[in-house]
Protein chains: 2
Amino acid sequence: MTSSQTAGTAPRSALTRARVLESAVVLADRDGLGALTMRSLARELGIEAMSLYHHVANKEDLLDGVVDVVAAEIQDAVGRLDTQADDAPKSAWKPAMRRQILTSRAVLLRHPWASTVLESRTSFSLHIVRYFDSLIGLMRRGGFSYDLVHHALHALGSRALGFSQELFEPDGAAAGSAAGGGAEEGADDAATAMLMQMAEQVPHMIEMLAEISHEGPESTLGWCDDQTEFEFGLDIILDGLDRLAEREQH
Amino acid sequence: MTSSQTAGTAPRSALTRARVLESAVVLADRDGLGALTMRSLARELGIEAMSLYHHVANKEDLLDGVVDVVAAEIQDAVGRLDTQADDAPKSAWKPAMRRQILTSRAVLLRHPWASTVLESRTSFSLHIVRYFDSLIGLMRRGGFSYDLVHHALHALGSRALGFSQELFEPDGAAAGSAAGGGAEEGADDAATAMLMQMAEQVPHMIEMLAEISHEGPESTLGWCDDQTEFEFGLDIILDGLDRLAEREQH
DNA sequence: ACCTGAACACCGTTCAAGT
DNA sequence: ACCTGAACACCGTTCAAGT
């Protein structure tokens, strides 16, 4: 109750960089990336906007920090896996890598705005680099040359962290300020209606939609299971890398 | 010279949606996406900012339109390929798809900001849908079931249009307002210096960098050939799809 | 050392007014 | 019908001032 500091606990009013970043993550999780402004973050903390500049250099630095918080979460979750055993057989690299990537994905799914911010960074967090280092380690123990490891990282791209660019996804998770969930089916309907109108221009697309969607007309564009599709694409790449690694070893 | 309209040519002052969008593309190509504001676009056209709202509904609509211009360029370039022959052998789908995707990529490389805008759209251009329809047609003629076609589109993701998310790319092509090219090597140096400092924390990363970069110390992070790496990842996916398609046909 | 308020230079956009 | 200028509600950020 008193404003003075009790032994062992920091004063509740002590604003630190860590507390600023934590608040920013909470705000982005709740209201979306568009709602994360210096002014709204300050309001969240019960503070004036300009006070933030004592703990972050500017907004870019804030976003760097906010990525670092999520990256720490990823590394923490991945570190709890037992994927880094040194005595594992060579073939262990594939399931281990798969688990690390899907674990990172699970963290990113809790912070839907994070992948957008991650992409926009030019510098990268130590936690992210260490995550990649562990992937490299797995591939090395799997017998990959560094050349193949390098190609593999490019081939995976953002999939190495557990996300991928979906071009036809009307869920609008990351971008924008409108966080309402009710518009989702409306967007699907509008997209479907648009496709119907251009039916003769895109015959294969229409036929595919008709054949794929079996559970009623309202699920024409919403049928995709993101997790299944992610794993499908991931496994194609992992299998391809597996074949190349085996070829390297004559 | 006169302000009156000569037969057959539109008056020079006639501002149309098409001219607005063309100007927006030119501006983004030249100064980057960050420089594309309603006010700067108006200045480019020698007009007042508010006049733009007679030809585009708002900024979102402007971005929709600007994507459509690039999408038309893609469809035009792809249409000039002879990849849609109906009498081609089944195995033709793979080289045909490869050519279409690399052709789309070539267009997008001329508009480095376009992939970012493309990603951010919730609705999609007719030209883009028709581009995808032609990819679907190729796979169908290659013997794919619609189910496999659907998985294939997810597996390719943005690669279907010729770009991919590169997480460790310090070239900053798409984002930001700083279009200067001189800072590139500086960013590489800074990144390398940072990695050296954390050498014992990321041993595999350091070793990979040492082994991969043979042409001098200044090319530590700049050695990647984007085109080569894109094709490497693309071919892994196409080969994987090929195997799955063959398996489908018993 | 840390926090504040006013102010500046930008955004996208609304509105009432011009021709 | 098309274009305009002033104005509004936002941004990120600078600066001089408070404690």
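Here is the naming used below: chain letters follow the sequence lines, and residue numbers restart at 1 for every chain.
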Residues that A/Ser134 engages under side-chain hydrogen bond (donor to acceptor under 3.5 Å, both in side chains), provided they are two or more places apart: A/Gln100

Residue-level proximity of residues 37-49 of chain B to DNA chain C when a heavy atom falls under 4.0 Å: B/Thr37, B/Met38, B/Arg39

Each stem that DNA chain C is part of, given as range with range (3 or more consecutive Watson-Crick or G-U pairs, under 3.5 Å): C:4-8 with D:12-16, C:12-16 with D:4-8

Short side-chain N/O contact to D/dC3 OP1/OP2 from B/His55, under 4.0 Å: yes

Distance test, side-chain N/O of B/Ser51 to OP1/OP2 of D/dT4, below 4.0 Å: yes

Six-ring centre of A/Phe163, A/Arg105 cation under 6.0 angstrom, axis tolerance 45°: no

Residue list, side-chain hydrogen bond (donor to acceptor under 3.5 Å, both in side chains) with B/Ser158, at least two apart or on another chain: A/Gln165

Where at least one partner belongs to residues 52-71 of chain B, residue pairs that pass salt bridge (Lys or Arg N to Asp or Glu O under 4.0 Å), sequence neighbours excluded: B/Arg17-B/Asp61, B/Glu60-B/Arg121, B/Asp64-B/Arg121

All side-chain hydrogen bond (donor to acceptor under 3.5 Å, both in side chains) counterparts of B/Asn58, not counting sequence neighbours: none

Could you list, one pair per line, each protein nitrogen or oxygen that sits under 3.5 Å from a nitrogen or oxygen of nucleotides 14-19 of chain D, together with the distance?
none

Pairs satisfying salt bridge (Lys or Arg N to Asp or Glu O under 4.0 Å), at least one member in residues 38-58 of chain B, at least two apart: B/Arg30-B/Glu44

Residues forming a side-chain hydrogen bond (donor to acceptor under 3.5 Å, both in side chains) with A/His111, sequence neighbours excluded: A/Asp29, A/Glu73

Nearest-Å distance for atom pair CG/C1', residues A/Leu62 and D/dG12: 12 Å

Partner residues of B/Leu126 under the side chain to side chain contact (heavy atoms under 4.5 Å, CB included) criterion, sequence neighbours left out: A/Met198, A/Gln201, B/Arg130

Partners passing ring pair (Phe, Tyr, Trp, His ring centres under 6.0 Å) against B/Phe232 (at least two apart in sequence or in another chain): A/His151

Spacing of A/Glu60 atom CD relative to D/dT13 atom P, expressed in whole Å: 8 Å

Gap separating the OG1 atom of B/Thr16 from the CG atom of B/Leu21, nearest 0.5 angstrom: 8.0 Å

Interatomic distance where CG belongs to A/Leu36 and C1' belongs to D/dG12 [whole Å]: 12 Å

Under-3.5 Å donor-acceptor pair between B/His54 side chain and D/dC3 base: yes

Ring pair (Phe, Tyr, Trp, His ring centres under 6.0 Å) against B/Phe132, all qualifying residues, sequence neighbours excluded: A/Phe168

Atom pair distance, as rounded to whole Å: NZ in A/Lys59 and P in C/dC10: 18 Å

